[in-house]
Amino acid sequence: MESKKILNIPIKEFRILIAVTSIIWILTAVYLATATPKYTASITIGSAALDNQGSAPSGISSLGLSLPISFGTPSKPTDKYIYIISTPSFAKRLMERGDFAKLIFADRWDGKEWTAPKGITNTVSMWLRELFGYQAWAPPDENDVSKYLNNNLVLRPDTSTDFVEISFDHSDPKIAAQVLEIITNEGDRYLKEANEEAYQSQVDFILRRIQESGNLEVTNALRSYLMNVVLNKTLIDESTKYAVRVWGTTSVSSLPTKPPVLLAALLGFILGPILAFSIIFFGRWIKSGR
């Protein structure tokens with residue numbers, strides 16, 4: 001009773017305060033007790049070499065020729081890497097491995113075939129789909145892989161150092177490290193293939209221009225540029241067989257990083273009283289307007 005006098009709160013409002021605060025705290029405790037703990041695997045990558053075919057020779061620039069490349073500004077493999085591993089085509093590539101989908105969707109793979117997704121939300125969703133005449137569920141495809149990566153894969157580029165930290169969350173720390181290793185290696189192979197295609201496209205384009213050109217000065221400038229492109233490509237290939245380089249080893253958190261226990265507990269502790277007082281003041285405002 002002494003607290004009521006200090007707070008100057010009527011007994012009815014005091015009960016609302018206690019009830020609402022208790023409900024929020026209980027819900028927070030239930031969330032923390034039932035949430036699936038996830039571990040984070042992380043790795044840092046950087047450019048193995050500048051992916052640049054060299055700047056344009058003065059002859060090319062002075063002749064005003066249009067070539068399918070950006071001169072003078074080296075493109076960063078890490079920028080391309082971030083882009084390609086976020087594309088649906090990369091998710092499709094991972095899906096075609098066969099083992100990748102079984103890793104990230106292990107709860108749906110019984111060792112022989114795919115099963116329906118579990119959980120109350122999925123059960124209701126499948127029931128509604130059947131109700132409206134749609135297929136209840138299907139085995140995971142590249143769209144599911146893409147969504148899964150978007151929700152669990154985090155890329156943190158550092159523009160000042162050209163490093164990128166890649167992290168992946170999973171309830172099993174070993175699977176988290178294994179999945180991250182697959183993504184890193186497959187992304188590097190995909191980027192190498194893309195670089196090879198871009199290089200071959202440049203060479204083919206220049207050779208066509210040489211064949212079409214009837215101007216000796218233009219032809220010599222194109223040949224000079226072609227030699228520059230081939231030389232830069234050779235130097236890059238000899239310096240490293242990778243498009244990106246892994247710095248250090250894959251690290252996995254020893255303790256779960258999700259859910260954020262301290263943050264959730266703090267928010268629940270603060271939001272409980274705030275919501276309770278908001279309800280009390282709203283009730284007073286309603287009564288004062290009558």
Side-chain angles (χ1 to χ4, degrees), residues 43-97 142 145-146 149 153 155-166 181-248:
I43 196 168
T44 300
I45 65 167
S47 300
L50 289 176
D51 182 23
N52 181 36
Q53 304 301 341
S55 57
S58 58
I60 293 288
S61 303
S62 62
L63 292 171
L65 294 177
S66 176
L67 296 177
I69 40 174
S70 296
F71 299 123
T73 304
S75 56
K76 298 177 181 178
T78 48
D79 292 340
K80 292 183 179 180
Y81 187 90
I82 292 174
Y83 171 75
I84 65 169
I85 66 175
S86 305
T87 58
S89 58
F90 182 67
K92 183 178 181 180
R93 184 186 180 99
L94 291 174
M95 188 69 191
E96 291 172 350
R97 284 180 54 100
E142 57 266 24
V145 173
S146 181
L149 293 180
L153 188 67
L155 306 172
R156 299 185 182 90
D158 187 341
T159 55
S160 61
T161 60
D162 195 26
F163 289 145
V164 178
E165 182 186 14
I166 307 175
E181 183 178 356
I182 292 174
I183 292 173
T184 304
N185 293 335
E186 200 64 37
D188 182 72
R189 280 192 287 268
Y190 194 21
L191 181 55
K192 282 283 287 184
E193 292 173 11
N195 288 342
E196 289 290 340
E197 291 178 3
Y199 164 75
Q200 193 59 50
S201 176
Q202 289 183 14
V203 171
D204 292 343
F205 178 85
I206 297 171
L207 289 175
R208 286 197 304 270
R209 292 299 300 268
I210 291 175
Q211 292 175 355
E212 296 168 358
S213 174
N215 185 301
L216 182 60
E217 186 180 2
V218 171
T219 301
N220 289 336
L222 287 169
R223 286 174 177 170
S224 175
Y225 180 72
L226 178 61
M227 291 179 61
N228 192 41
V229 169
V230 175
L231 177 61
N232 276 275
K233 177 67 166 55
T234 303
L235 291 175
I236 291 175
D237 285 345
E238 290 180 351
S239 65
T240 176
K241 64 180 179 179
Y242 300 105
V244 294
R245 179 183 299 168
V246 174
W247 299 87

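For reference, positions follow the sequence shown, starting with 1. Hydrogens, waters and symmetry mates are skipped; everything else that's a heavy atom, side chains included, is used.
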Nearest 0.5 Å please: distance from the [atom1] atom of [X] over to the [atom2] atom of [Y].
X    : Y    : atom1 : atom2 : answer
L94  : E142 : CG    : CD    : 11.0 Å
L149 : S86  : CG    : OG    : 8.5 Å
R223 : L207 : CZ    : CG    : 10.0 Å

Side chains of I45 and D188 in contact at under 4.5 Å (non-hydrogen atoms):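 In short, these two side chains do not touch, never coming nearer than 4.5 Å.
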
Please enumerate all residues that pass salt bridge (charged side-chain N to carboxylate O under 4.0 Å, His left out) together with E186, with sequence neighbours excluded.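 For E186 the salt bridge (charged side-chain N to carboxylate O under 4.0 Å, His left out) partners, ignoring immediate neighbours, are R93, R97, R189.
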
Mark yes when over 12 heavy atoms from residues, nucleotides or ligands other than E181 sit less than 6.0 Å from its CD; otherwise mark no.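 Check fails, neighbour count at 12 or below.
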
What closest approach, in Å, do I84 and F90 show between heavy atoms, and which atom pair accounts for it?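 Nearest pair, atom of I84 first, then F90: O-CB, 3.0 Å.
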
Are any side-chain N or O atoms of Y81 and backbone N or O atoms of T184, one a donor and one an acceptor, separated by less than 3.5 Å?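 Yes; at least one donor-acceptor contact below 3.5 Å.
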
side-chain contact (heavy atoms from CB on, under 4.5 Å) with [X]: which residues, sequence neighbours excluded?
X    : result
E212 : R208, R209
I82  : L155, P157, V164
Y83  : T87

R156: partners by side-chain hydrogen bond (donor to acceptor under 3.5 Å, both in side chains), with sequence neighbours left out: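 Expected list: S167.
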
Pairing residues for N220 by the side-chain hydrogen bond (donor to acceptor under 3.5 Å, both in side chains) criterion, not counting sequence neighbours: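 Residues passing side-chain hydrogen bond (donor to acceptor under 3.5 Å, both in side chains) with N220: none at all.
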
